[in-house]
4 protein chains.
Amino acid sequence: MLLNLDPRSHIPIWEQVVNQVKELILKELLLPGEKLPSVREMSSMLLINPNTVSKAYQELERQGIIETLRGKGTFVLQSIVPKADEQKIEALRQALKQLVIESSYLGIEKESFLKWAESYLKELGGGTDCAESSSDS
Amino acid sequence: MLLNLDPRSHIPIWEQVVNQVKELILKELLLPGEKLPSVREMSSMLLINPNTVSKAYQELERQGIIETLRGKGTFVLQSIVPKADEQKIEALRQALKQLVIESSYLGIEKESFLKWAESYLKELGGGTDCAESSSDS
Amino acid sequence: MLLNLDPRSHIPIWEQVVNQVKELILKELLLPGEKLPSVREMSSMLLINPNTVSKAYQELERQGIIETLRGKGTFVLQSIVPKADEQKIEALRQALKQLVIESSYLGIEKESFLKWAESYLKELGGGTDCAESSSDS
Amino acid sequence: MLLNLDPRSHIPIWEQVVNQVKELILKELLLPGEKLPSVREMSSMLLINPNTVSKAYQELERQGIIETLRGKGTFVLQSIVPKADEQKIEALRQALKQLVIESSYLGIEKESFLKWAESYLKELGGGTDCAESSSDS
DNA sequence: GTGGTCTAGACCACG
DNA sequence: GTGGTCTAGACCACC
């Protein structure tokens, strides 16, 4: 559970936590049913306020990724069902388009961009069907 | 200069303006040397606060995309040189990675994601040989 | 005494126990004078903490529904007298009102809501003439 | 915008705000497009912390009932679409069942319970098609 | 021990 | 002016 937080980033800390937990789960470094550090543990590990961790956990629960059992703690859900929210997909497409625009202004070649995308997709998606390919990043 | 602004979007309006101007330039709907509407014109066209337009123009100037000539107006720069800022590239890579993660939780297939990326890359890069001319800085 | 507990529910487990015992009594699946499982038995049956069962029993006793005889065990009271606590009635009305509001936002038809209410009322009140016998306190 | 908050209630204050705003909208005391008091105004009106109001507004936005425009304020959405979430409907049914059980222990007659339900349904639902019936509580 | 709520007060970005 | 985020510290309910 070593998360990389950047307090200077414009992305709120709680959202950085959300993102990185989601990444850890996809990479199977956090397994279904596994217990997350308690809010207090996490906050002292990351040197952030417990409320910030709490907000991150609540958001993850709202997204159907983790669950909290009263008095027990917080756990990764057994079955994380991808829900194909059309609005979110459209937002993602827009974000992707914007990234492409930015990459052009940064002088990034098309091939590089696609290569990166493929590499990230393999890195994560590999875990779903074949675990051995998840480490060849 | 018909921009699509969404006041409900969580992306700041000034940033939406910046993004769409950059897109228009890439698509050659705004040509080098062309004059942009004045801050007042733009703000009344888009029904937004002049300060917002001003902030967008300042950001575009900061990024080396447009220039303001006092008393003359604001113009698209003749040569927009992609500056390969390593930090920005790394940030873009992170953003791309995050998009890939989100797409996984939305149940989007790898092929779809790559297809979209390719389509956007072609859409922009196709109109101009921006990639080849990116080294003549 | 097969209770359906959901550790994921936001209703505290002790309260779920209280609710379901009250339901069993109304449905005459638990009869007046009948002995409840001991705290230990119940906790091992339900795989929950004995303290949780204990809290549920205390609450049921506080509500005048069961009684604990030292050394003998815990029993359903012979005569459960509905006590028309005005405050609780008002709270119930508020809760009902809130349910109606929620049902509206969920797009539930008035008829459906009333049908459900009637069905539940019949389900419970039908088995016993609780309403008529409610005045013999 | 006179809300009745009960700090002693077990329902969190932010949730009480959410509930009552939803009620005001159903009763057409808050109209689509109307501006809600700012977070600061509301917090000073209700004598609660701005963060508490903020949490309530965020929840209302998450439920698709209001929207916030950056720097402008918070507004009731034009079209509030009831979304028939099956899980939430089932939870509502359970809550209704529980209310029926409670009403029995409080000695409430079936007819009273149904009468109340009908009255609340008419009070709110009346606003949808005929405004004149909304005041005959 | 666990998470949830509330307060107070500060800082920031947006328009 | 608006809302959003973060911190610090307190209190509570649950198990």
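All chains are named by letter (A, B, ...) in the order of the sequence lines, taking the proteins before the strands, and each is independently numbered beginning at 1.
B:Leu5 places its CG atom 10 Å from the P atom of E:dG15, with the value rounded to the nearest Å. D:Glu41 has its CD atom 10 Å from the P atom of F:dG1, to the nearest Å. Here the C1' atom of nucleotide E:dC14 and the CD atom of B:Gln16 are 12 Å apart, to the nearest Å. Distance CG (B:Leu46) to P (E:dC14): 18 Å, rounded to an integer number of Å. Taking atom CD of A:Glu59 as the reference point, atom P of E:dG3 lies 17 Å away to the nearest angstrom. Nucleotide F:dG4 holds its P atom 11 Å from the OH atom of D:Tyr57, rounded to whole Å.
The environment of A:Arg62 atom CZ is dense: over 12 non-hydrogen atoms of other residues, nucleotides or ligands sit within 6.0 angstrom. No more than 12 heavy atoms of other residues, nucleotides or ligands sit less than 6.0 Å from atom NZ of A:Lys72. More than 12 heavy atoms of other residues, nucleotides or ligands sit less than 6.0 Å from atom CD of A:Glu90.
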(request) Between protein and nucleotides 5-15 of chain F, map the contacts as a letter string: B base, S sugar-phosphate only, - none, heavy atoms under 4.0 Å, written 5' to 3'. (result) BBBBB----BS

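Under the 4.5 Å side-chain criterion, counting only non-hydrogen atoms from C-beta, C:Met42 is not in contact with C:Leu36. Between B:Ile101 and A:Asn19, the closest side-chain pair of non-hydrogen atoms is not below 4.5 Å. For the pair D:Tyr105/C:Gln63, no side-chain contact is recorded, criterion being any heavy-atom separation below 4.5 Å from C-beta on.
Stem list for DNA chain E (at least 3 consecutive Watson-Crick or G-U pairs, distances under 3.5 Å): E:1-14 with F:1-14.
One N or O on the side chain of C:Ser103 and one on the backbone of C:Val100 form a donor-acceptor pair closer than 3.5 Å. With D:Tyr57 contributing its side chain and D:Val39 its backbone, the two residues share no donor-acceptor pair below 3.5 Å.
Taking only side-chain atoms of D:Glu61, from C-beta outward, the nucleotide of E:dG4, E:dT2, F:dG4 with the closest atom is F:dG4.
The structure places CD1 of A:Ile48 at 12.5 Å from CH2 of A:Trp14, a figure rounded to the nearest 0.5 Å.
When the side-chain nitrogen and oxygen atoms of A:Thr74 are compared with OP1 and OP2 of E:dG3, one or more of them lie within a distance under 4.0 Å.
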